[in-house]
J.: 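Please see the structure below; I have some questions.
In what follows, chains carry the letters A, B, and so on, assigned in the order in which the sequence lines appear, proteins first and then strands, with residues in each chain numbered from 1.
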Protein chains: 2
Amino acid sequence: MNIDAYDCGSVKHLSTLFKLLAEPNRLKILCSLGLECRPVSDIIESTELSQTNVSFHLRALREAGLVKPERKGAFIYYCLPDPELLRLLGDFRQWLEEHQKEKLLKKNMKK
Amino acid sequence: MNIDAYDCGSVKHLSTLFKLLAEPNRLKILCSLGLECRPVSDIIESTELSQTNVSFHLRALREAGLVKPERKGAFIYYCLPDPELLRLLGDFRQWLEEHQKEKLLKKNMKK
DNA sequence: CAATCATATGCGTCAATATTCATATGCGTA
DNA sequence: TACGCATATGAATATTGACGCATATGATTG
């Protein structure tokens with residue numbers, strides 16, 4: 001690997017994390033949770049996904065520790081154990097917005 | 001969508017970005033570039049991937065605007081148009097390290 | 001122009017992942 | 001206990017994405 005290559009740490013672990021975040025419905029779920037804890041039924045309603053599908057994605061997020069389940073009676077509430085993740089998502093979102101402005105700018109300038 | 005749901009902006013665009021970053025070899029390429037501009041042959045050498053494969057991933061990154069090609073004679077140099085992306089990767093990496101110490105991502109790591 | 005080097009692209013294949021349907025499990029209440 | 005609601009899981013299918021091979025394109029040099 002090249003001398004001044006940037007150290008991304010464990011590429012494998014990073015990509016595992018990104019893979020989880022790369023699924024639109026999983027992102028939707030994370031965003032619909034926000035900083036609150038919500039029962040699965042809420043998530044199903046706000047994301048408009050099938051129960052099976054929500055459960056499937058929640059499992060992936062849960063096993064990765066990105067969401068934490070907590071039983072309350074018949075319901076299971078899910079929440080983010082670390083809201084810092086939302087900040088990171090926000091950073092990316094902001095970068096993306098700026099980045100796309102530039103891209104549009106370049107496109108328009110060429111014509 | 002719920003009232004206090006977190007606004008992740010366009011989930012579709014975000015997930016497209018994460019999908020690009022979720023591929024280990026693409027991450028490798030980005031990291032091997034670092035802040036420098038390098039010809040494809042360099043990338044092939046430092047990542048130890050096949051020429052076809054590097055070209056394949058470079059195309060994806062290029063079309064998303066994550067890398068920028070620049071012809072110099074027979075060579076095509078690639079670089080990050082915005083080094084800020086490396087900072088974001090670094091943030092994630094750091095977040096990951098802190099959470100690794102706890103119990104996060106335990107199952108996905110074994111692979 | 002021919003030969004060669006650097007890089008890109010079309011195509012086929014294979015593996016991984018998302019989605020649905022049907023069904024199971026766990027909890028609260030009558 | 002039996003029943004209904006909330007959530008999870010297994011099997012089957014559909015979709016996506018990575019990779020290699022062969023070949024094409026575009027630039028350099030003789």
J.: Rounded to the nearest Å, what distance is computed from the CD atom of residue A:Glu23 to the P atom of nucleotide D:dT15?
T.: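 After rounding, the reported distance stands at 15 Å.
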J.: Whole-Å distance between D:dC19 C1' and B:Arg26 CZ?
T.: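 Interatomic distance, CZ of B:Arg26 to C1' of D:dC19: 12 Å.
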J.: Over how many whole Å does the gap from B:Ile29 atom CD1 to C:dA8 atom C1' extend?
T.: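 Going from B:Ile29 (CD1) to C:dA8 (C1'), I get 14 Å.
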J.: Without decimals, in angstroms, what is the distance between A:Glu48 CD and C:dT20 P?
T.: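 Interatomic distance, CD of A:Glu48 to P of C:dT20: 13 Å.
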J.: Rounded to whole Å, how long is the line connecting atom CG of B:Asn25 with atom C1' of D:dG17?
T.: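 Value for this atom pair: 12 Å.
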J.: What string of B, S and - do you get for nucleotides 1-14 of chain D, 5' to 3', if B is base contact, S is sugar-phosphate-only contact and - is no contact with any protein heavy atom under 4.0 Å?
T.: -----SBBBB----
J.: Under 3.5 Å, is there a donor-acceptor pair between the side chain of B:Arg93 and the main chain of A:His13?
T.: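 Not confirmed, B:Arg93 side chain does not pair with A:His13 backbone.
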J.: Would you please name every residue forming a side-chain contact (heavy atoms from CB on, under 4.5 Å) with B:Ser55, sequence neighbours left out?
T.: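 Only B:Gln51 meet the side-chain contact (heavy atoms from CB on, under 4.5 Å) criterion with B:Ser55.
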J.: Classify the ring geometry between A:His99 and A:Trp95 as parallel (under 30°), tilted (30 to 60°) or perpendicular (over 60°).
T.: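 Correct class here is parallel.
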J.: D:dC19, OP1 or OP2 - any side-chain N/O from B:Ser50 closer than 4.0 Å?
T.: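 The answer is no; no side-chain N or O of B:Ser50 sits under 4.0 Å from OP1 or OP2.
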J.: Verify the contact: side-chain N or O of A:His57 to OP1 or OP2 of C:dT17, cut-off strictly under 4.0 Å; return yes or no.
T.: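 For C:dT17, neither OP1 nor OP2 has a side-chain N or O of A:His57 closer than 4.0 Å.
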J.: May I have the distance from B:Lys28 (atom NZ) to D:dA18 (atom C1'), rounded to whole angstrom?
T.: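 Rounding to the nearest Å, NZ of B:Lys28 and C1' of D:dA18 are 14 Å apart.
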J.: Find the distance B:Asn53:CG to D:dC19:C1' and express it as a whole number of Å.
T.: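 Atom-to-atom, B:Asn53 to D:dC19, this comes out as 6 Å.
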J.: List the atom of B:Val11, the atom of A:Pro24, and the distance in Å for their closest heavy-atom pair.
T.: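 Reported closest heavy-atom pair: CG1-O, 3.4 Å.
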J.: Please report the interatomic distance CG(A:Leu80) to SG(A:Cys31), rounded to the nearest 0.5 Å.
T.: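 The CG atom of A:Leu80 sits 9.0 Å away from the SG atom of A:Cys31.
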J.: At what distance, to the nearest 0.5 angstrom, does NZ of A:Lys28 lie from CD of A:Glu48?
T.: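 With rounding to 0.5 Å, NZ (A:Lys28) is 6.5 Å from CD (A:Glu48).
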J.: D:dG17 P sits how many Å from B:Phe18 CZ, rounded?
T.: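 Rounded to the whole Å, the gap is 16 Å.
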